[in-house]
Amino acid sequence: MAGIDPAQLKWRVVAPTLAALGLGGDAAVNLLTGTALVESGGVWLAQLGGGPALGLWQMEPATHDDIWRTFLPDDRFAEIETRVRRMTCSDLPRVQQLVGNLRYACAMARLKYYRAPDALPAANDAASLSAMHKRVYNTQLGAADPTTNIAAFRRAIAA
């Protein structure tokens with residue numbers, strides 16, 4: 001199945017979104033591009049099999065809501081919250097924007113990583129980026145295979 005060109009996703013969505021959020025850099029850009037490639041193949045906007053995950057980054061509504069409820073209200077993140085709010089549109093609930101608002105979905109996926117204590121791996125280390133995806137974004141109970149997914153992170157790096 002064809003999907004979004006990884007280079008266009010990386011340079012037209014991910015890099016400018018993370019820069020606007022103030023949480024960019026090569027490692028973050030490769031991590032978020034690779035995450036989209038792993039989670040949805042850059043194709044699916046809703047989780048296959050009827051699961052709850054939404055958008056290219058396949059974020060679950062519970063995770064989305066938890067970020068807004070327990071992370072963004074912290075005064076230390078007021079500037080980030082303001083920047084994320086500016087990425088939303090007013091005609092849809094925020095959680096629904098994970099599907100069609102690529103900037104917002106990317107920003108929310110970045111925040112999932114940002115709130116974890118883990119430092120970002122080297123930008124060109126596909127194995128470590130994949131391992132971080134499994135550990136922080138997918139979790140131990142998730143279906144992601146950090147060995148198999150190294151190829152997707154290599155594609156993200158090369159894009």
Side-chain angles (χ1 to χ4, degrees), residues 4 6 9-40 42 44-47 51-144 146 149 152-153 156-157 159:
I4 292 177
L9 177 64
K10 181 176 180 174
W11 297 113
R12 295 185 179 267
V13 176
V14 176
T17 297
L18 299 187
L21 195 58
L23 298 174
D26 292 342
V29 169
N30 290 340
L31 179 63
L32 271 292
T33 303
T35 298
L37 295 176
V38 167
E39 290 290 329
S40 69
W44 307 107
L45 298 177
Q47 186 172 350
L54 299 170
L56 291 183
W57 286 270
Q58 295 287 285
M59 180 172 280
E60 294 187 5
T63 301
H64 170 275
D65 294 349
D66 184 63
I67 291 169
W68 278 102
R69 187 176 51 256
T70 66
F71 182 71
L72 287 174
D74 188 313
D75 290 340
R76 294 174 296 164
F77 308 118
E79 182 60 31
I80 292 172
E81 179 184 5
T82 298
R83 291 174 184 192
V84 173
R85 283 187 188 279
R86 289 180 184 151
M87 294 179 187
T88 64
C89 56
S90 61
D91 64 334
L92 286 174
R94 287 188 300 240
V95 73
Q96 290 180 14
Q97 293 181 51
L98 292 173
V99 175
N101 182 339
L102 294 178
R103 281 177 50 114
Y104 179 70
C106 179
M108 292 303 292
R110 178 64 179 102
L111 292 180
K112 172 122 172 95
Y113 285 112
Y114 183 68
R115 72 183 195 169
D118 306 53
L120 292 177
N124 62 351
D125 185 345
S128 293
L129 291 168
S130 184
M132 183 173 199
H133 164 261
K134 175 63 179 173
R135 186 174 59 256
V136 174
Y137 200 88
N138 186 257
T139 77
Q140 292 304 316
L141 299 176
N149 291 338
F153 285 93
I157 292 165

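- At least one donor-acceptor pair closer than 3.5 Å links the side chain of Q97 to the backbone N or O of L92.
- Closest approach of A107 to M87, counting heavy atoms only: CB-SD, 3.7 Å.
- Residues M132 and P121 come closest through the heavy atom pair SD-CD, 3.4 Å.
- For the atom pair CZ of R103 and CG of L18, the computed distance is 10.0 Å after rounding to the nearest 0.5 Å.
- Considering only heavy atoms from C-beta on, N149 stays 4.5 Å or farther from K134 through its side chain.
- Between V38 and A152 the shortest heavy-atom distance is CG2-CB, 3.6 Å.
- Remark: side-chain polar atoms of R110 are paired, donor with acceptor, to backbone N or O of L23 under 3.5 angstrom.
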- Message: Walk me through whether N138 and E39 qualify under side chain to side chain contact (heavy atoms under 4.5 Å, CB included).
- Response: CA-CA 9 Å; N138 186 257; E39 290 290 329; 3.9 Å; yes
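- Taking CG of D65 as the reference point, atom CD of E60 lies at 11.0 Å (rounded to 0.5 Å).
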- Stepwise side chain to side chain contact (heavy atoms under 4.5 Å, CB included) test for F153 and L31: CA-CA 7 Å; F153 285 93; L31 179 63; 4.1 Å; yes
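- Counting only heavy atoms from C-beta outward, the side chains of L56 and L9 approach each other to under 4.5 Å.
- Nearest heavy-atom pair, A123 versus A27, reported as atom, atom and distance to 0.1 Å: CB-N, 3.5 Å.
- The line from CG of L54 to CG of L45 is 9.0 Å long, rounded to the nearest 0.5 Å.
- Residues meeting the salt bridge (charged side-chain N to carboxylate O under 4.0 Å, His left out) test with D26, sequence neighbours left out: none.
- D125 and S128 get closest at one heavy-atom pair: OD2-OG, 2.7 Å.
- Considering only heavy atoms from C-beta on, D118 stays 4.5 Å or farther from Y113 through its side chain.
- We find that D74 and R115 are not joined by a salt bridge, their nearest charged nitrogen and carboxylate oxygen being 4.0 Å or further apart.
- Shortest non-hydrogen contact noted between L102 and W57 is O-CZ3, 3.7 Å.
- Rounding to the nearest 0.5 Å gives a distance of 11.0 Å between CE of M108 and CG of N101.
- Remark: side-chain polar atoms of S130 are not paired, donor with acceptor, to backbone N or O of A126 under 3.5 angstrom.
- Distance check, rounded to the nearest 0.5 Å: CG of L37 to CG of N30 gives 10.5 Å.
- In R12, the CZ atom is not crowded: 12 or fewer heavy atoms of neighbouring residues, nucleotides or ligands sit closer than 6.0 Å.
- Atom-to-atom distance recorded for M59:CE and C106:SG is 10.0 Å, nearest 0.5 angstrom.
- Ring-plane geometry between Y137 and H133 is classed as parallel, the angle between the planes falling under 30 degrees on a 0 to 90 degree scale with a further cut at 60.
- Between Y114 and F71, the two ring planes are perpendicular [angle over 60°; tilted spans 30° to 60°].
- K10 contributes a side-chain N or O that, together with a main-chain N or O of A156, makes up a donor-acceptor pair within less than 3.5 Å.
- Taking 4.5 Å as the limit, every side-chain heavy atom of V95 sits out of range of all side-chain heavy atoms of W68.
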- Task: Could you give me the CA-CA distance, side-chain angles and deciding distance for R94 and R85, then say whether side chain to side chain contact (heavy atoms under 4.5 Å, CB included) is met?
- Result: CA-CA 9 Å; R94 287 188 300 240; R85 283 187 188 279; 3.1 Å; yes
